[in-house]
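I have placed the structure first, in the form of structure tokens, so that the comments after it can refer back to it.
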Amino acid sequence: MATKTPIHITVTGAAGQIGYALLFRIASGQLLGPDQPVVLRLLEIEPGMKALEGVIMELDDCAFPLLAGVEGTTDLKTAFDGSSWAMLVGSIPRKAGMERGDLLQINGGIFKPQGEAINAHASSDIRVLVVGNPCNTNCLIARSNAPDVPAERWFAMTRLDQNRAQTQLAKKAGVSVDAVTNIAVWGNHSATQFPDFGNTLIGGKPATDVITDRAWLEGDFLTTIQQRGAKIIEARGASSAASAANAAIDSVNSVWRETPAGDFASLAVVSNGEYGVPEGLQFGFPVSSDGAGNWRVVEGLAHDAFSAERIRLTTEELLGEREDVRALGLVP
Ligand code: NAX
């Protein structure tokens, strides 16, 4: 029997498709380890509560030894009370014909109160991963409304893009995925993101030495990663869920597990001006962790003119989103 004190984890949008792929993995120990009991606090909106009841019944029916408790709620205080990790999944993604300003306003209505509730009720060691899109700016909104939670405790998910890039590069090079390391996804989790093949290694060698087809790297490779989400919707009739949940688990692991020497992971974190990125943006960077929850942006990576331009474009997009949410009064 597990003897550690249970850690409270909040998952929002818990009755959605990512929630369904995520909760069972958390409860089975795949998020915080095989000896760490967890209590799940599941936040939904009223229309999702019926489905959430069913999900909770299924969690019960798994008899997970590590699941020390589970509560479904529509109340922000109950959801975040005493929580040490919050995974903010529920959001309103962009729909056809929706303007960026409308999208950000709707999400402001979700992430501002959630940030305030985290500030007021979460445990003092709270860490937050935002998955719900537009995840970088949703994270910025929540963080900006939680002034007592240090900025370095907030993360937005670019890991799915990293994992997608890893597999595409491995396939092209004809190697196994674990031979592909050092993949940084810069900037926004959107079509402007830049999966940085120029700093990636394959079998310890520069990816650009192993894959010499530069036109593929700058063309099909980038568009495959940038448009992968849309392709999955086209094929499956629903957006990525299991791979997104998997990336959410990888993201949390990249914070609390030690990063292998010489490698890094992609995570959108607060910018302190690294690589000339304006301070305060929630920006996809290469990140390394010491295994005790302390991470740093890996510095010193070089960018040629092509890569620098890609990073400039995604930075511009995030600056535009920040201007929009400032104009809406969602962030100072
Ligand atoms: P679903 O529509 O299946 O589920 C979302 C759930 O959130 C619903 O059950 C809904 O009732 C709930 N919800 C809505 N507003 C809420 C609120 N204010 N509080 C609590 N719950 C609320 O979406 P799903 O496929 O699970 O995707 C969730 C989010 O992840 C979307 O925004 C999606 O765009 C985003 N994604 C982010 C990815 C990333 O890499 N960062 C990749 C996958 C995914 O597209």
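Counting convention: from 1, in listed order, for ligands and their atoms alike. Small disclaimer: the values here were computed from a predicted structure and weren't measured.
- Of all heavy-atom pairs spanning Leu222 and Arg310, the tightest one is CD1-NE, 4.3 Å.
- For atom 26 (O) of ligand 1, the closest non-hydrogen atom on the protein side is Ile18 N, 2.9 Å.
- Contact of the Pro6 side chain with the Val39 side chain is registered, since non-hydrogen atoms from C-beta on lie closer than 4.5 Å.
- Annotation for ligand 1: atoms under 4.0 Å from non-hydrogen atoms of Ser239 are 25 (O).
- Of all atoms in ligand 1, listed by their number and element, those nearer than 4.0 Å to a heavy atom of Ser91 are 31 (C), 32 (O).
- At the shortest separation from atom 28 (C) of ligand 1 among protein heavy atoms lies Val89 O, 3.3 Å.
- A heavy-atom distance below 4.5 Å is found between the side chains of Val297 and Tyr275.
- No single ILVMFWY cluster, assembled from side-chain heavy atoms under 4.5 Å apart, contains both Leu31 and Val130.
- Closest to atom 25 (O) of ligand 1 among all protein heavy atoms lies Gln17 NE2, 2.9 Å.
- Under a 4.0 Å criterion applied to the non-hydrogen atoms of Gln114, ligand 1 contributes the atoms 19 (N).
- For Pro47, the heavy-atom gap to ligand 1 stays at 4.0 angstrom or more.
- Nearest protein heavy-atom contact of atom 14 (C) of ligand 1 is Ile45 CD1, 3.7 Å.
- Side-chain contact check for Ser84 and Asp125: at least one donor-acceptor pair (N or O, by modelled atom type) lies under 3.5 Å.
- Taking a 6.0 Å sphere around CD of Gln105, one finds it holds 12 or fewer heavy atoms contributed by other residues, nucleotides or ligands.
- Ligand-side atoms of ligand 1 in range of Ser240: 43 (C), range being under 4.0 angstrom from any heavy atom.
- The shortest side-chain heavy-atom distance between Ile118 and Arg153 does not fall under the 4.5 Å cut-off.
- Atom 4 (O) of ligand 1 has its closest protein heavy atom at Gly16 CA, 3.2 Å.
- The presence of a protein heavy atom under 4.0 Å from atom 2 (O) of ligand 1 is ruled out.
- Note that atom 23 (O) of ligand 1 has no protein non-hydrogen atoms nearby, at separations under 4.0 angstrom.
- Annotation: atom 42 (C) of ligand 1 to nearest protein heavy atom, Leu160 CD2, 3.7 Å.
- Counted by atom type alone, Glu317 and Ser190 present one or more donor-acceptor pairs between their side chains at under 3.5 Å.
- At least one N or O atom of Val131, backbone or side chain, sits closer than 3.5 Å to an N or O atom of ligand 1.
- One finds the CG atom of Leu330 at 14.0 Å from the CZ atom of Arg322 (value rounded to the nearest 0.5 Å).
- Among all protein heavy atoms, the one lying closest to atom 7 (O) of ligand 1 is Gly13 CA, 3.2 Å.
- Distances below 4.0 Å separate heavy atoms of Cys135 from the following atoms of ligand 1: 41 (N).
- Nearest-residue assignment for atom 11 (O) of ligand 1 (options Met157, His189, Glu44; heavy-atom criterion): Glu44.
- Note on ring orientation: taking the six-membered ring where Trp is involved, the planes of Phe306 and Phe194 are perpendicular (angle over 60°, cut-offs 30° and 60°).
- For ligand 1 and Ala15, the ligand atoms under 4.0 Å from any heavy atom of the residue are 9 (O).
- Residues Thr314 and Phe283 have side chains in contact (heavy-atom distance under 4.5 Å, counting atoms from C-beta outward).
- Of all the heavy atoms in Leu43 and Thr74, the pair that sits closest is CD1-C, 3.7 Å.
- Taking atom 45 (O) of ligand 1 as the reference point, the nearest protein heavy-atom neighbour is Asn133 ND2, 3.7 Å.
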